Structures are given as C-alpha cells and as structure tokens.
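The structure appears below as structure tokens.
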2 protein chains.
Amino acid sequence: MSYPPGYRIERERNRTEKAGDIARAKAIQAAIELFSTSGYNKSSIAEVALRTGLSQSGLLHHFPNKTALLTAVLEQREKEDSEFLFGEGAAPLGWAAFDSLLALVARNSTRPEWIGLFVRISAEATEANHPANQWMLDHYRSTRQWLTQAIEDGKRTGEILPDVPVDAIVRNTIAVLDGLQQQWVAEPDSMSMVAELRVYLDQLRSAWGNPQQ
Amino acid sequence: MSYPPGYRIERERNRTEKAGDIARAKAIQAAIELFSTSGYNKSSIAEVALRTGLSQSGLLHHFPNKTALLTAVLEQREKEDSEFLFGEGAAPLGWAAFDSLLALVARNSTRPEWIGLFVRISAEATEANHPANQWMLDHYRSTRQWLTQAIEDGKRTGEILPDVPVDAIVRNTIAVLDGLQQQWVAEPDSMSMVAELRVYLDQLRSAWGNPQQ
DNA sequence: GTCTATACCTCGATAGAC
DNA sequence: GTCTATCGAGGTATAGAC
C-alpha cells in the first residue's frame, strides 16, 4: 500500500495546525472576556496571554500584533451573530426582521461578554484611527441596509404602511438596541433588555403596522 | 482712610486665585476636547498640559492627579446640562419633559465635543473600578427618576394614558438618546439626531398620549 | 510552538529649583 | 504657580535559544 506523495508532510502539518488552532481559539476567547470588561485600549496582550496559559511571546506567535488579535475577535463575533440571525437561509424581512432582533437580544442576554465587548469596542472605535473603526462603520452600515430592506419589503407586502419614515426608524431601532445594551452592561440585574425592546417594537407596530393585516 | 484688617491679603489671594482659575478652566476645556475623541483611559495628562500651554507638572499643580481632572470635567458637563434643562425653575413634567430632551439634543448637536465626551466616558465607565463609574450610575439614575416623575405627572394631569409601561418607556427613551449619540459620533454628517428623535417622540405620543387632550 | 531576555516607549506622579 | 529632572511601573514588540 502506498500513500500519495506528500501525505506524511500533510498529515504532520494538519496535526500541528490543529494544536495551534486550539491555542488560537483559546486566546480569542480570553481576549473576548478581557476586552468585554476593560475595552481594547486598556487591555494588555500580556494579560490575554496569562489567561490563555501562554507567555506574551507565545501568544504573539499566533497573532503578529495586538491589532491582529482584535481583528480575530471581531470576526468571530460577526460570524456568530450573523449565523444566528440569518443561518443558512435568507435574511428575514418585514416585521420578522424586528422579531429576529428580539431573539438575538434574548440570546445575548445570556452572554454578557458579548454585550460588553460590543459596547466597549464600538465606543472606542468612534475614534478615526482606532483599529476597529472600519469594522464599526461596516457593522452599522450593513445593519442599516438590512433593516431598510426589511421595511421596504414590508411596504411591498402591505404589512407596513407606505408612509413610514424608513431612515429614522432604522436608526432609532439600532439606537434602542445599543442604548439598552449600554444600560444593561452598567447594571445587568436592574432590567430586562427583552422586555424593554418588546415595548419599543409593539409601539413600532402599532404606529406603522397595517391594521388590515 | 483705613482698610479692614486682612484686606490686602484678601485682595492678593483673589488676584492669584483668579489667575489660577483661568489656567484651571483652560485645562478643563482642553481635557474635554481630548477626552471626547480619545476617551479618558487613552488620554494622557501630558497631552492635556500641552494643549493648555503648561508642562505636565504645571497642570498637576491645579489637579492633584488625573482622576481629579476627570472629576472637574464631569462636574462641568453635569452643571451645564442641568442648567440648560432645568434653569432656575423646576424640572419640566409630562410631555414637556420629552420636549426639553429634544431641545437639549438640538443644542448639543452644535457641540460635538460634549456628545463625544459622553459617549466615550460612559462606555468606559461601565467598568466597575473606572473613576467615572459612580458618576455614570448617578447620571442614569437621576435621569430615570426625572423621566419617571414626568410620566407620572402626565398621568395625573391626564395628558398621558394611565396604562403606560413607565419603566420601559423611560429606559427606551434614554436608550434612543444614547444610541443616536453613538451613531452621530461615528458619522456626524450622515444624520440629524433631532430629526430621528422627533420621530421617536411622535411615536411615543401617538401610542400613549391621551387623544382627548 | 513556546520560552526568556531585552529594547524601547509612554505614562503618572514626585522632588526640588526658581 | 510653573518649570526641569527623574523614578518606577507597565506596555508592545523583537531576538534568539530550545
């Protein structure tokens, strides 16, 4: 029996890559937890390394610099959120889009690190030369695009009234999400993001929903 | 002609205090501008000193440490905001309270540093041992108290429906304010906080306002 | 792939002269 | 009231051994 050429080397590479990937994933997780409470600026890669069980240089073997670590963290967050929201299929449209926001908030209420991460990083990233600045702008733009499309589709199917002020509702909805997260990070036990958001969404529906449907 | 005892000394003290106060005020202004773009953690007192026209030690003569500088900045912001909102008289109640929020946002739209300052600091301050943590908690609590009282009073006078979900509306309104500020700091030219907030407030009124009045 | 050692920087705060 | 000088801590990143 013979192996295809290069098999041994391939196998070896895969094994080591896998070991490396475990350390990498562990580091990303540690970074998420640290960034979520201390933000990016104030967090040190040494502390991330410590929580990962590596030395600082050991960590920097997996990420060339601090910025690369941040990038990996943001990619992970973006990936998990969009998988939850859109899964395999198409993005929900009409009021269903707003319902899925509620579902996302419900899920994230059980993952405080994720809310903290977003609140801290997106505030820091308003600075033009922050390494997450472009990510933040992209995140807002794509969210606005999706919600705009959702409302337009709702108008088309008739479940949303045609004279709805689309842009304002899109921005206000995002604002409520962000603002509730901010309050929740400050005092998690004093409120339910889901309950508050539901009131807002009911209000939206009663103001702009088609009463015929 | 004789002077009251200690007059000369008093006069001297006032003169020097005044000179000191000018440097102090200038430093606070410089700190506001720097903190509003870089946040507190990332800003250095050396940079504040530079913009003030002092050396680092010169600045630290007026503020014992960096925290004291932050405190002075926050006191200034709180003072100006509450003077604008409440002035000499009593706090506005009922729907008038929400109108005055709109007026505040309109004014602050012309002072980007103030919005930036709040967005950056309040996000950083969600960390429990951040020097502005208590300030942030107090700020939210007192805002909630005022708005809660405003709605209760509106119910009493009949301009607000009695079955309004008070807590949720208070928190959502604060969330919209904070969230719009966040978006505006990220991209000031892409939106009008006043226009978006007005849509939200109209929605509130149409959902919970008494149609009889 | 992980480590130790280290270069180099920035920061907050203090000491002490003027 | 403001300055220069300096200390000590903590940060990112690199060099090089294993």
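Here the structure is a predicted model, which means the values were calculated and not measured.
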Quiz item: Salt bridge or not for B:D21 and B:R24, using N-O below 4.0 Å?
Solution: no
Exercise. Specify the separation, in whole Å, of atom CG of A:L69 and atom P of D:dG11.
Key: 15 Å
Quiz prompt | Salt-bridge contact A:R171-A:D167 (side-chain N to carboxylate O under 4.0 Å) | solution = no
Quiz item: Do the non-hydrogen side-chain atoms of A:Q183 and A:E196 ever get within less than 4.5 Å of each other?
Solution: no
Quiz item: To the nearest Å, how far apart are B:L50 CG and D:dT4 P?
Solution: 12 Å
Quiz item: For the pair made of CZ in A:F63 and C1' in D:dT12, what is the distance, rounded to whole Å?
Solution: 16 Å
Exercise. Name the orientation class of the two ring planes belonging to B:Y200 and A:Y200 (parallel below 30°, tilted from 30 to 60°, perpendicular beyond 60°).
Key: parallel
Practice problem: Classify every nucleotide of nucleotides 7-18 of chain C by which part a protein heavy atom approaches to under 4.0 Å, writing B for the base, S for the sugar-phosphate alone and - for neither, in 5'-to-3' order. | Solution: ----SBBBB---
Exercise. Report yes if some heavy atom in the side chain of B:E124 is under 4.5 Å from a heavy atom in the side chain of A:N41; otherwise report no.
Key: no
Quiz item: Does B:H61 place a side-chain N or O at less than 4.0 Å from the phosphate oxygens OP1/OP2 of D:dG1?
Solution: yes
Quiz prompt | Distance-minimising heavy-atom pair for A:L147 and A:A97 | solution = CD2-CB, 4.4 Å
Exercise. Measure the distance from CG on B:D21 to C1' on D:dG1 and round it to the nearest whole Å.
Key: 13 Å
